[in-house]
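Let me begin by presenting the structure, written as structure tokens, before commenting on it.
Throughout, protein chains are lettered first and strands after them, A, B, ... in sequence-line order, and every chain is numbered starting at 1. Small disclaimer: the values here were computed from a predicted structure and weren't measured.
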Number of protein chains: 2
Amino acid sequence: MSDNDLESTQRRIIEAAGIMFAERGFESTTVRDICQEAGANLAAVNYHFGDKERLYIETVLRAHRWCIEKVKLPGWDETTPATQKLADFIITFFGRVLSDPGDVWQPRLVLREVLHPTAACAELARSSIRPEFEILNGILRELLPDDISEEELHLTAFSIVGQCLFYFFADGVIRSLIVADEYASHDVEKLARHVTNFSLAAIQARANAHQPAALLEEVER
Amino acid sequence: MSDNDLESTQRRIIEAAGIMFAERGFESTTVRDICQEAGANLAAVNYHFGDKERLYIETVLRAHRWCIEKVKLPGWDETTPATQKLADFIITFFGRVLSDPGDVWQPRLVLREVLHPTAACAELARSSIRPEFEILNGILRELLPDDISEEELHLTAFSIVGQCLFYFFADGVIRSLIVADEYASHDVEKLARHVTNFSLAAIQARANAHQPAALLEEVER
DNA sequence: AATTGATTGAAACAGATGTTTTAATCGCAT
DNA sequence: ATGCGATTAAAACATCTGTTTCAATCAATT
């Protein structure tokens, strides 16, 4: 009954449920499938967790704690350049997006819940995503001109996470658009490098255009 | 019984089904809900369409035809600059992504099917998305250096559509991250302008970096 | 007006799914 | 060994959902 008993029925159920919830969602996953996969009796879910929804909440909470524990940003100090922070942020983000399904299901379940919150976990979804958003905004504030509007800051942040998340939610589309070899060659480092270069180029162009922009207009007149 | 009879039961069922399929997906939408919303009898779906799946296919096919008809790229000629083509592509793409749910459900249903293809419509999803992908690749080939790799071309295309689609699939997240006024101020023109500027800046930086890159390496040695 | 085919309405059916019940079994302290 | 609480097993239950059935109704034609 210990929480750390790797062979306990609860553990096996959480593991099976996590994989299936992450892959097919709450509604499309049946209690029977979970129990069969976990090698447990049909009544085990209700006995150990009360009902299916409480099992789901428990699974999402554990997945969230797992992510906080395992997928961490590296430590920064005051000498770390903002460009490095952005690169770190993006590669960490990709670590979740591209986690192997099946083996590591926790980030996928959390991402699914964040993108399409269940009523039960809506609050967790909000509270888990906001700090990351603020970290990214902080990095971008260092990279962009001081007088940038909050709105443009947010649009820039959305552009970055949008690029990353695309590989998560459009995985099937990507697989059908490019040849198998190219798809297989996608990995965290390569994709993170592309998104970092692409975004930094756009950000630095925006930063450089800030002051000279007025001058250029003068010239054109 | 006419296909254009706006008051026919088929029409009302397709309209109700489209809205609900687009919003909640195939599995989470029940035949009973559709018929109630359409003011039709429970047996109407099976009588007019055979079964629920064939109703779904018919609804997706009509939505797809509607999109081809209504959401079109403007005409280009050989004098149209590639930057303009990219701007056109992005704003057209946003026209689908940000369509008003409820009133205009067709683009959302097609997007949903493209991102998470049902077995029944997988082929349609693939065949409808590939031409758009090739159009975007063509535009990017004009903007990027000639010797760009296919892979980098594709990654750049993914960066652009990823930014656009983010506003589609992460709508709930966005709403919870920014204040209501800012969310309400999002419209097709503004978002398309941001994504276009962001992406063009990144692309042009990449184009300019192409030749000088080797020189810079020389200098560093 | 009568007939015929298409459509609609109401009820029932069959299968799947979450939950509950009740008895059997296991682990362990006494 | 015994008794007891925790766990598991098997079956049944209740509800939901897609589908079918069959009679009633409607619309158009003769």
Worksheet item: Do B/Phe168 and B/Pro107 come within less than 4.5 Å of each other through their side chains, counting heavy atoms only?
Response: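 The answer is no, as the side chains (C-beta and beyond) never meet within the 4.5 Å cut-off.
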Worksheet item: Going by number, which of residues 30-43 of chain B have a non-hydrogen atom under 4.0 Å from DNA chain D?
Response: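 The stretch gives B/Thr30, B/Val31, B/Arg32, B/Leu42, B/Ala43 as the residues lying under 4.0 Å from the strand, ordered by number.
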Item to complete: Please name all residues satisfying salt bridge (Lys or Arg N to Asp or Glu O under 4.0 Å) with B/Arg130, sequence neighbours left out, ordered by chain then number.
Response: B/Glu134
Worksheet item: Can you name the salt bridge (Lys or Arg N to Asp or Glu O under 4.0 Å) partners of B/Glu150, sequence neighbours left out?
Response: B/Arg141
Specify the separation, in whole Å, of atom [atom1] of [X] and atom [atom2] of [N].
X: A/Asp51; N: C/dT19; atom1: CG; atom2: P; answer: 5 Å
X: B/Glu27; N: C/dT17; atom1: CD; atom2: P; answer: 10 Å
X: A/Tyr47; N: C/dA24; atom1: OH; atom2: P; answer: 18 Å
X: B/Leu55; N: D/dG18; atom1: CG; atom2: C1'; answer: 12 Å
X: B/Glu53; N: D/dT19; atom1: CD; atom2: C1'; answer: 14 Å
X: A/Lys52; N: C/dT19; atom1: NZ; atom2: P; answer: 8 Å
X: A/Asn46; N: D/dA6; atom1: CG; atom2: P; answer: 18 Å
X: A/Phe49; N: C/dT20; atom1: CZ; atom2: C1'; answer: 18 Å

Worksheet item: Which atom pair, heavy atoms only, marks the closest approach of B/Ser159 to A/Gln163?
Response: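 Closest heavy-atom pair between B/Ser159 and A/Gln163: OG-OE1, 2.7 Å.
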Practice prompt. May I ask you to verify if any side-chain N or O of B/Thr9 is less than 4.0 angstrom from the OP1 or OP2 atom of C/dT8?
Written response: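 Answer is yes, contact under 4.0 Å.
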Worksheet item: Is there a side-chain polar atom (N or O) of B/His48 under 4.0 Å from OP1 or OP2 of C/dA6?
Response: no
Worksheet item: Less than 4.0 Å between a side-chain N and a carboxylate O, is that true for B/Arg12 and B/Glu15?
Response: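 Here B/Glu15 does not pair with B/Arg12 in a salt bridge, since their nearest N and O are not under 4.0 Å apart.
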Item to complete: Ignoring hydrogens and angles, tell me if any N or O in the side chain of B/Arg108 forms a donor-acceptor pair with the backbone of B/Ser99 under 3.5 Å.
Response: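 Yes, B/Arg108 side chain to B/Ser99 backbone: donor-acceptor pair under 3.5 Å.
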Discussion item. Can you confirm whether the side chains of B/Glu152 and A/His194 place a donor and an acceptor under 3.5 Å from each other?
Written reply: no
Worksheet item: So what does A/Thr29 hit on the nucleic acid, given a heavy-atom distance under 4.0 Å: a base, only sugar-phosphate, or nothing?
Response: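 It contacts sugar-phosphate atoms only.
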